[in-house]
K.L.:
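Have a look at the structure that comes next, please.
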There are 2 protein chains.
Amino acid sequence: MTKENTFFGVKEIARRANVSIATVDRVIHNRSGVSEKTKKKINDIIKELDYQPNILASRLASKKIISLAVLIPKVSAETDFWEAPLNGITRAEAEIKKYGVQIELFFFDLNDPNSFNEQAGLILEGHFQGVLLSPSFIEEARKFSEACHKLKIPFTFFDSDVPEQHNLCYIGPHLFQSGYVGAKLLTYRLKEKQQVAVVNISKETDNYNYIQIEEGFRSYFKDHSLPGEILRVNIKDTDSLSVTRQLTKILNDNENIKAMFVTNSRVSAVATFLEKSGRSDISLIGYDFLKENIKHLEKGFIDFLICHKPEEQGYRGVMSLYETLVLGARVEKVHFMPIDIITKENQAFYKN
Amino acid sequence: MTKENTFFGVKEIARRANVSIATVDRVIHNRSGVSEKTKKKINDIIKELDYQPNILASRLASKKIISLAVLIPKVSAETDFWEAPLNGITRAEAEIKKYGVQIELFFFDLNDPNSFNEQAGLILEGHFQGVLLSPSFIEEARKFSEACHKLKIPFTFFDSDVPEQHNLCYIGPHLFQSGYVGAKLLTYRLKEKQQVAVVNISKETDNYNYIQIEEGFRSYFKDHSLPGEILRVNIKDTDSLSVTRQLTKILNDNENIKAMFVTNSRVSAVATFLEKSGRSDISLIGYDFLKENIKHLEKGFIDFLICHKPEEQGYRGVMSLYETLVLGARVEKVHFMPIDIITKENQAFYKN
DNA sequence: AAAATTGTCGGGTACGTACCCGTAAAGATA
DNA sequence: TATCTTTACGGGTACGTACCCGACAATTTT
């Protein structure tokens, strides 16, 4: 059992073109030093044979390493969400290290746009061949990506998107539709005259992500002409006291609230409140497969969690750069993640 | 930017052991021709350096190919479920072809255990280094795996499991828990006194898979002490006339049935019936991300589909063999797939 | 004691690609 | 015409591993 020679290599191309391997190599990497005539001849043969370079041999022979930069929020005390993408990134790194790819991590503070700028500046000075970033701050991200574009450094957005043309690709959820799914689940068993509240627990209420999610959520109500006003609760202070106070007030003012939708991973704060105040009659839906959330899911105070595979986002984000830079493959410009539904019953088998 | 030499290769091992590269190579592949003393010395150095063979170079230098056999049901007129695993298998093949791995496909007829035996026989004669199979027929599969074990051919089960010790691994759903999830979803908005029916549409009602799913389903009712008897409907003839007749009868006899759980991918047959008889008041849940099912999901006659990522099962099944045979890595003996919940709203982003 | 066999090992080439270096011919400049 | 530069290409080695072949010594057989 020996490898069949179905694949042609540079050697065969060189033979057919009556040139040396080196000349073929020059054409493939379009380096200079080849006459237009021979170049065309070789390119024709390459097309004819549908030549696919042997990546094994290529990476083996190449002494170059490829350095990628990753720019993401640091894991904070407030939420350990960013652990998951980081795991995916690390997994990808381990997988492609042997192909000569290195990854350097840069972290910024989600409460401080300046830290984003600082780290972005370091990346621009660092001579990286590719960048993966979460554009949490839209304006800052836009400036940075403009700079990358000028330096011809490919970059991938993930977790959330920025309307932009120059990025290599976006990997993340379709946020509008995600909110839409949330509304479906929340209203699935809702009875008439029961009311619904959207809860946003965050210092930045006007974050682009939250807006998209809420639009999707409200659209579902419109599309299905569900009656009743959807209440909106903004909790800017994320400490448990503020949360308790605001939720208490809302529930007192609106006795018919029987379902709540939290637009981010802070849903566990609401669950804690519901548990303490003994309100097991309220359906609760929120985001992300975090330990704290799973705990409340198991206790029954969260009905569903929606999740967009953050670990896989990190993994695929790195891989999108690897595929373009090393394999020279084209990648899809937009790669939407599934909108996963997690319940107490299936959470044990969920892959983040 | 040059590759750092953080990795040690055979050359370094040879240097430290005062032997040639060839001798080190003999130890690594434990071929004969090395004295016990040198063998030990080399093995010690390998451990000390934590030597990781360079797979690129290894596969490049090796002229051997590895042949894998895949044994799965053929795509039938009754269901195109098996297209998905096949896609995953093909994707895996494309990915590892360059490492010298070939895959040969063997198909059997789900209605004919003998066809399984026939194809299994062909595989045993074919000198394959690994086998991936769906053990749809338990007894036949057990016999075949016994034979593989004797020939020291590693094999992986997927889609459904057979209690067994010798298989390399199992990749597929936790069927019991999957039924449990189905019950949760089906009862989530069920009101008092409304009744539930489990529908099995299959020639083999006593299939091990279905039994596990139903056990999980019923366990949920027990665990939550839900009242009311769960009806059971067995439809052995899968044509639409038989389905219509039996369902009509059941619904006439039991007017309170408001929810139905189909234990396999034939759920679209029930959906068609509900549509034709205008029964949009009945919740319906079933299995698998098939075109026909999605159609009914979108129309609203199926509430939820449960799915176990069949394509990924195929992909991972092949990869489990690749990882053991080529990379020499250990693989987890059991790899449970997530129990995915698909609705009209999130189906567009589902990855099968 | 000579010959044959066996056990141990090293030399060397190949896998397909990358890239350095060298060279011959053509063209430019004096 | 002599010298220099540029263009266009080939030779050859290296990457890390696999494995063939042959050398040499130790051991057994005749």
Side-chain angles (χ1 to χ4, degrees), chain A residues 1-43 46 49 51-66 97-101 325-328, chain B residues 1-43 46 49 51-66 97-101 325-328:
Chain A
M1 279 202 225
T2 8
K3 244 181 221 172
E4 346 103 271
N5 287 338
T6 72
F7 295 111
F8 297 111
V10 279
K11 204 189 284 178
E12 175 66 14
I13 297 172
R15 202 186 58 76
R16 296 202 186 195
N18 281 322
V19 295
S20 75
I21 292 175
T23 304
V24 175
D25 187 70
R26 275 184 279 261
V27 172
I28 288 171
H29 297 86
N30 50 328
R31 265 178 269 133
S32 61
V34 186
S35 68
E36 278 305 319
K37 215 180 68 184
T38 13
K39 196 181 209 170
K40 187 182 172 344
K41 185 162 54 166
I42 290 172
N43 272 325
I46 285 177
L49 295 185
Y51 167 72
Q52 305 282 92
N54 184 321
I55 303 149
L56 275 70
S58 169
R59 290 310 298 169
L60 183 61
S62 170
K63 282 181 183 114
K64 276 194 198 134
I65 60 159
I66 289 173
K97 197 165 60 179
K98 42 176 172 284
Y99 301 100
V101 182
L325 290 168
V326 178
L327 308 186
Chain B
M1 283 201 223
T2 10
K3 240 181 225 174
E4 348 104 90
N5 286 337
T6 73
F7 294 111
F8 296 111
V10 280
K11 205 189 281 178
E12 175 66 14
I13 297 171
R15 201 186 59 76
R16 297 201 186 197
N18 282 320
V19 295
S20 75
I21 292 175
T23 304
V24 175
D25 189 69
R26 274 185 279 260
V27 172
I28 288 171
H29 297 86
N30 51 333
R31 263 177 270 131
S32 61
V34 186
S35 67
E36 276 307 317
K37 214 179 68 185
T38 7
K39 196 181 209 169
K40 187 182 173 343
K41 182 162 58 169
I42 290 172
N43 272 324
I46 286 177
L49 295 185
Y51 166 72
Q52 304 280 94
N54 184 321
I55 303 149
L56 274 69
S58 169
R59 291 309 298 169
L60 183 61
S62 171
K63 284 183 183 111
K64 278 200 194 125
I65 60 158
I66 288 173
K97 198 164 61 180
K98 41 177 172 284
Y99 301 101
V101 182
L325 290 168
V326 178
L327 308 186

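In the text below, chain A, chain B and the rest are named by the order of the sequence lines, each starting its count at 1. Any value given below was found using the heavy atoms of this structure, including those in side chains, with hydrogens, waters and symmetry copies removed.
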K.L.:
What integer distance in Å separates B:L49:CG from D:dG16:P?
P.N.:
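For the pair B:L49 CG and D:dG16 P, the rounded distance is 14 Å.
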K.L.:
Could you give the CD-to-P distance, from B:E36 to C:dT6, as a whole number of Å?
P.N.:
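In whole Å, C:dT6 P and B:E36 CD are 20 Å from each other.
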K.L.:
Within the structure shown, what part of the strands sits under 4.0 Å from A:T38 by heavy-atom distance: base, sugar-phosphate, or nothing?
P.N.:
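Result for A:T38 = sugar-phosphate.
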K.L.:
Could you tell me the separation between the CD1 atom of B:I21 and the CZ atom of B:R26, rounded to the nearest 0.5 Å?
P.N.:
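The distance works out to 11.5 Å.
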K.L.:
Could you please spell out the steps behind the side-chain contact (heavy atoms from CB on, under 4.5 Å) verdict for B:T38 and B:V27?
P.N.:
CA-CA 9 Å; B:T38 7; B:V27 172; over 6 Å; no
K.L.:
Take the protein atom CD of B:E12 and the nucleotide atom P of D:dC15, then report the distance between them rounded to whole Å.
P.N.:
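In whole Å, D:dC15 P and B:E12 CD are 13 Å from each other.
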K.L.:
Distances under 3.5 Å between protein N/O atoms and the N/O atoms of nucleotides 18-20 of chain D, please, pair by pair.
P.N.:
from, atom 1, to, atom 2, distance (Å)
D:dA18, OP1, B:H29, NE2, 2.8
D:dA18, OP1, B:S58, OG, 3.2
D:dA18, OP2, B:D25, OD1, 2.6
D:dA18, OP2, B:H29, NE2, 3.4

K.L.:
So, does B:K39 use its side chain to make a donor-acceptor pair with the main chain of B:V34 at under 3.5 Å?
P.N.:
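No, the answer is negative, given that no donor and acceptor are paired below the 3.5 Å cut-off.
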K.L.:
Find out whether A:I66 and A:R59 are in side-chain contact, i.e. whether some heavy atom of one side chain is under 4.5 Å from a heavy atom of the other.
P.N.:
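Yes, close enough: below the 4.5 Å cut-off.
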K.L.:
How many whole angstroms separate atom CD1 of B:I42 from atom P of C:dT8?
P.N.:
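Checked: the CD1 to P distance equals 12 Å.
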K.L.:
Which residue, A:N54 or B:V19, contacts DNA chain C at a nucleotide closer to its 5' end, judged by nearest heavy atom?
P.N.:
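Looking at the nearest nucleotide for each, B:V19 comes out on the 5' side.
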K.L.:
Could you pull out all residues at least two apart from B:E12 that satisfy side-chain hydrogen bond (donor to acceptor under 3.5 Å, both in side chains)?
P.N.:
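B:E12: side-chain hydrogen bond (donor to acceptor under 3.5 Å, both in side chains) contacts with B:R15, B:R16.
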K.L.:
For B:K40, check salt bridge (Lys or Arg N to Asp or Glu O under 4.0 Å) against everything at least two apart and list the hits.
P.N.:
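Once residues adjacent in sequence are excluded, the partners of B:K40 under the salt bridge (Lys or Arg N to Asp or Glu O under 4.0 Å) criterion are B:D44.
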K.L.:
Mind calculating the distance between CG (B:L60) and P (C:dT17) to the nearest angstrom?
P.N.:
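In whole Å, C:dT17 P and B:L60 CG are 9 Å from each other.
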K.L.:
Would you say A:K11 places a side-chain N or O within less than 4.0 Å of OP1 or OP2 belonging to C:dC15?
P.N.:
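A:K11 to C:dC15 OP1/OP2: side-chain N or O found under 4.0 Å.
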K.L.:
Would you indicate what B:G33 reaches in the nucleic acid, counting non-hydrogen atoms under 4.0 angstrom: base, sugar-phosphate, or nothing?
P.N.:
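Here B:G33 touches the bases of the nucleic acid.
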K.L.:
Please produce a list of atom pairs where a protein N or O lies less than 3.5 Å from an N or O of nucleotides 23-25 of chain D.
P.N.:
none

K.L.:
Start with the C-alpha gap between B:D25 and B:R31, add the side-chain angles, then the distance that decides, and say whether side-chain contact (heavy atoms from CB on, under 4.5 Å) holds.
P.N.:
CA-CA 8 Å; B:D25 189 69; B:R31 263 177 270 131; 2.5 Å; yes
K.L.:
Five pairs per end, C1' atoms only: what is the angle between the end axes of the helix from C:dA1-D:dT30 to C:dA30-D:dT1, to 10 degrees?
P.N.:
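Inter-axis angle at the termini of the helix from C:dA1-D:dT30 to C:dA30-D:dT1: 50°.
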K.L.:
Sequence neighbours left out, what passes side-chain contact (heavy atoms from CB on, under 4.5 Å) with B:I46? Give chain and number order.
P.N.:
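Counting only residues at least two positions away or on another chain, B:I46 forms a side-chain contact (heavy atoms from CB on, under 4.5 Å) with B:I13, B:I28, B:I42, B:N43, B:Y51.
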K.L.:
Can you measure A:Q52 atom CD to C:dT17 atom P for me and round it to whole angstrom units?
P.N.:
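So the CD-P distance, A:Q52 to C:dT17, works out to 11 Å.
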K.L.:
Looking at B:T23, does any N or O in its side chain come under 4.0 Å of the phosphate oxygens OP1/OP2 on C:dT8?
P.N.:
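It does not, given that no N or O in the side chain of B:T23 lies less than 4.0 Å from OP1 or OP2 of C:dT8.
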K.L.:
Is the phosphate of D:dC9, meaning OP1 or OP2, less than 4.0 Å from a side-chain N or O of A:S35?
P.N.:
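For A:S35, the contact criterion (side-chain N or O under 4.0 Å from OP1 or OP2 of D:dC9) is met.
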K.L.:
Calculate the interatomic distance between B:F8 atom CZ and D:dC15 atom C1'; express it in whole Å.
P.N.:
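Interatomic distance, CZ of B:F8 to C1' of D:dC15: 17 Å.
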